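None of the values given here were measured: they were computed from a predicted structure. Protein chains get the first letters and strands the later ones, always in sequence-line order, with residue 1 at the start of each.
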Amino acid sequence: MSPITTIDKVGDYVGQAVTLRGWLYNKRSSGKIQFLQVRDGTGVIQCVAVKSEVGDEVFAACDALTQECSLIVEGVVRRDERAKGGYELSVLRVERVGTSTDYPITLKEHGVDFLLDHRHLWIRTPRQRAILKVRAEVMRAMADFLDGDGFTRVDPPVLTPSSCEGTTELFHTQYFDEDAYLTQSGQMYLEAAAMALGKVYSMGPAFRAERSKTRRHLIEFWMIEPEMAFYTHEDNVRLQEAFVSHVVRHVLTTCENELATIGRDIAKLERIEPPFPRLSYDEAIAWLQRHGHDIRWGDDFGAPHETELAAQFDRPVFIERYPTQIKAFYMQPDPERPEVVLCADLLAPEGYGEIIGGSQRIHDYDLMRQRFEEHRLPMDTYGWYLDLRKYGSVPHAGFGIGLERTVAWICGLEHVREAIPFPRMLYRLYP
RNA sequence: UCCUCGAUAGCUCAGCGGUAGAGCAUCCGGCUGUUAACCGGAGGGUCGCAGGUUCGAAUCCUGCUCGGGGAGCCA
């Protein structure tokens, strides 16, 4: 038998016979010639069977193949200008591995509802495969960047005794006789880990039981959360722009074919280099007021505000130093202006909204204690968090980046649901 | 939770008061270079559910169910 290889590597076998293993993506045929579009996860290649060359038996075997049946095909690799990937396979032999009758997803248009009901099959299509590939490369780039910068990966728990921020709705479950909740952020645990390991990060799912139904929301989504001891707000922001730029550059170099399959305008990504523009909250409010928005200092931005602010720039933009009142309890006040905190949100271009939220954290014991009282946080579940300010506290900072929003932006997707293999959305838990 | 749009063949949709339609998919036949191939033929329907108006409802009205988009909230 000829050597087994994959479609992405057939270029190394021109003129030789190879064996490919995959699935039939599509088939076109006339009376005496058949064109089999075979995919194997690494790409798609057209396999050509000419009746007078392969013989009646092999030709009939090709004829019996149906959409998405699995198969092993042996053939000679040929360079061909007419082929999309540049190569074709002249079929010598074909073996069907698994049948597939009445495959639901045809190559014609489908509605979102139908596709989501068949997500387990939808991911086989070239576009969805490409998106999942980009997602994997985004995660690899993030991990590579942080690992190469002295970070240690630490995995916070998914089951928690209560909320990290106390604001959003939590998924409730039982932990034997106790109440438990699915994590909405690992941040507090990462702060603890940063005091143990210096620079740490997590990659994992977060859960928000919000009845959100927009193209930017998932009920279950993934966050990457770096947390750094001895980092200031300024250090934090500089890390973020280097981090995001690295991720985009990595995807541009490793996912050229995938971005082409998705139809992404590469030029928009090639501009993503540090430094990113920065706007203070004050400046952002003033800009919005000048552009006809009824918004006052102290209000939080809505999605349309964010979109308009971000639309001014061709790179992601930081909005920093928000009013203390509208941000989380643990954020460090600006020493020169205690009414604002040392935080920054990073808004992606092209209307993708907030992809990063980050801040310098309060390290002073008395101030954190005061915040606990102001927000009536229960000591029995948060006592350990206060301990971090009691034993060797240091200034520290961190951020959380939403993976699906980042992938959606890099791929230019209409909706974050395509940026995760099996999206959990409002009213959708299947498949 | 609110606003808004929608539900007709396996899929995407048209039909908007007078016998249920098209393209694709499926099956049969044809075609030696197809690119969501093409050509001919066939099968395929509780028009989301329940009421109401009408001689007559897929079509108009009311309620319900399910879903899409958006808002709020957030990544």
Any side-chain N or O of Lys108(A) below 4.0 angstrom from OP1/OP2 of A22(B)? no
Would you say the side chain of Thr106(A) and the base of C24(B) hold a donor-acceptor pair, judged only by whether the two atoms sit under 3.5 Å apart? no
In whole angstroms, the gap separating P of G33(B) from CD of Gln37(A) amounts to 16 Å
Between C60(B) and C16(B), how far apart are the C1' atoms? Round to whole Å, please. 9 Å
Parallel, tilted or perpendicular: which one describes the rings of Tyr281(A) and Trp297(A), with boundaries at 30° and 60°? perpendicular
Roughly how many Å apart are G17(B) and C27(B), using the P atom of each and rounding to a whole number? 39 Å
Measure CD1/Ile420(A) against C1'/A75(B) and give the value in whole Å, please. 12 Å
Could you let me know what U1(B) is paired to, Watson-Crick or G-U wobble, both distances under 3.5 Å, or none if it's on its own? A71(B)
Base G72(B) paired with Ser212(A) side chain (donor-acceptor, <3.5 Å): yes
Just checking Asp300(A): base, sugar-phosphate only, or nothing, at a heavy-atom cut-off of under 4.0 Å? sugar-phosphate
Pick from Gln312(A), His305(A), Glu308(A): which one makes a side chain to side chain donor-acceptor pair (under 3.5 Å) with Trp287(A)? Gln312(A)
Between C13(B) and U34(B), how far apart are the two C1' atoms, rounded to whole Å? 27 Å
Taking the minimum atom-to-atom distance to the side chain of Ser52(A), which one of U32(B), G69(B), C74(B) wins? U32(B)
At 4.0 Å (heavy atoms only), tell me whether Ser29(A) reaches a base, stays on the sugar-phosphate, or touches nothing. base
Taking the side chain of Ile33(A) as its heavy atoms from C-beta onward, which of G72(B), G33(B), G67(B) lies nearest to it? G33(B)
Given atom CE of Met425(A) and atom C1' of C74(B), what is their separation to the nearest angstrom? 17 Å
Would you mind classifying the nucleic acid contact of Ile105(A) as base, sugar-phosphate or nothing, using non-hydrogen atoms under 4.0 angstrom? nothing
Does CZ belonging to Arg78(A) count more than 12 external heavy atoms closer than 6.0 Å? yes
Closest to the Arg208(A) side chain: G69(B), U12(B), C74(B)? C74(B)
Round to the nearest Å and state the distance from Glu414(A) atom CD to G69(B) atom C1'. 11 Å
Is the ring of Phe35(A) stacked on the base of G33(B), with centres less than 5.5 Å apart and planes under 30° off? no
Write down the distance separating the C1' atoms in A36(B) and G23(B), rounded off to the nearest Å. 12 Å
Remember a base hit wins even if backbone is also touched, and classify Glu53(A) as base, sugar-phosphate or nothing at under 4.0 Å, heavy atoms. nothing
Taking NZ, NE, NH1 and NH2 as the nitrogens, is one of them in Glu306(A) or Arg405(A) under 4.0 Å from a carboxylate oxygen of the other? no
Using a cut-off of 4.0 Å on non-hydrogen atoms, how would the nucleic acid contact of Ala206(A) be classed: base, sugar-phosphate, or nothing? nothing
In whole Å, measure the gap between the C1' atoms of G56(B) and C49(B) for me. 22 Å
If you check the Arg78(A) side chain, which of G33(B), U32(B), A71(B) turns out closest? G33(B)
Just to be sure I understand the rule, does Val50(A) reach a base, reach only the sugar-phosphate, or reach nothing, if contact means heavy atoms closer than 4.0 Å? base
Mind checking His415(A) for me? I need base, sugar-phosphate or nothing, with any heavy atom below 4.0 Å counting as a touch. sugar-phosphate
What nucleotide among C24(B), A71(B), G68(B) has an atom nearest to a side-chain atom of Tyr427(A)? G68(B)
Gap between atom CG of Leu346(A) and atom CZ of Arg315(A) - 0.5 Å precision: 11.5 Å
Does a nitrogen or oxygen in the side chain of Arg216(A) sit under 4.0 Å from OP1 or OP2 of A71(B)? yes
Taking the C1' atom of each, how far is A14(B) from A71(B), in whole Å? 33 Å
Base partner of G45(B), which must satisfy Watson-Crick or wobble distances under 3.5 Å: none
Arg28(A) CZ to U32(B) P: how many Å, rounded? 17 Å
Trace of the ring-ring contact (aromatic ring centres under 6.0 Å, His included) decision for Tyr322(A) with Phe301(A): CA-CA 10 Å; Tyr322(A) 283 68; Phe301(A) 302 122; 5.7 Å; yes
Can you work out whether Met223(A) or Gly302(A) has the more 5'-proximal nearest nucleotide on RNA chain B? Gly302(A)
Where along residues 57-70 of chain A does a heavy atom come under 4.0 Å from RNA chain B, residue by residue in number order? none
Sugar-phosphate only, base, or nothing, as touched by Gly353(A) at under 4.0 Å among non-hydrogen atoms: nothing
Check this for me: does the side-chain of Gln46(A) come within 3.5 Å of the base of U34(B) through a donor and an acceptor? yes
Please classify the nucleic acid contact of Lys213(A) as base, sugar-phosphate, or nothing, using heavy-atom distances under 4.0 Å. base
Quickly work out the Met139(A) CE to A75(B) C1' distance and round it to whole Å. 14 Å
Between C74(B) (P) and Arg424(A) (CZ): distance, integer Å: 25 Å
Using a 4.0 Å heavy-atom cut-off across all strands, classify Thr101(A) as base, sugar-phosphate, or nothing. nothing
Any Lys/Arg nitrogen of Asp300(A) or Lys327(A) sitting under 4.0 Å from an Asp/Glu carboxylate oxygen of the other? no
Across the strands shown, which category fits Glu109(A) at heavy-atom distances under 4.0 angstrom: base, sugar-phosphate, nothing? base
Give the nucleotide from the list C74(B), A75(B), A71(B) with an atom nearest to the side chain of Glu306(A). C74(B)
Closer than 4.0 angstrom, basic N to acidic O: yes or no for Arg82(A) and Glu88(A)? no
Run the ring-ring contact (aromatic ring centres under 6.0 Å, His included) test on Tyr189(A) and Trp384(A) for me, step by step, so that the C-alpha distance in whole Å, both residues' side-chain angles and the decisive distance to 0.1 Å come before the verdict. CA-CA 10 Å; Tyr189(A) 296 98; Trp384(A) 66 269; 4.9 Å; yes
If the threshold is 4.0 Å, N to carboxylate O, is there a salt bridge linking Glu320(A) and Arg337(A)? no
Looking at every strand, decide which applies to Phe114(A) at a 4.0 Å heavy-atom threshold: base, sugar-phosphate, or nothing. sugar-phosphate
Can a salt bridge be assigned to the pair Glu404(A) and Arg216(A) using a cut-off of 4.0 Å between side-chain N and carboxylate O? no
Could you check how far CG of Leu218(A) sits from C1' of G69(B), rounded to whole Å? 15 Å
As a test of reading the structure: which of U32(B), G33(B), A75(B) is closest to the side chain of Ser30(A), going by heavy atoms? U32(B)
Pairwise C1' distance for G29(B) and G43(B), with rounding to whole Å: 15 Å
Considering Watson-Crick and G-U wobble pairs with both distances under 3.5 Å, what does C66(B) pair with? G6(B)
Could you measure between the two C1' atoms, the one in C64(B) and the one in C24(B), and give it in whole Å? 34 Å
So, does the side chain of His217(A) form a donor-acceptor pair with the base of C74(B) at under 3.5 Å? yes
Look at Arg140(A) together with Asp147(A) and state whether they make a salt bridge at an N to O cut-off of under 4.0 Å. no
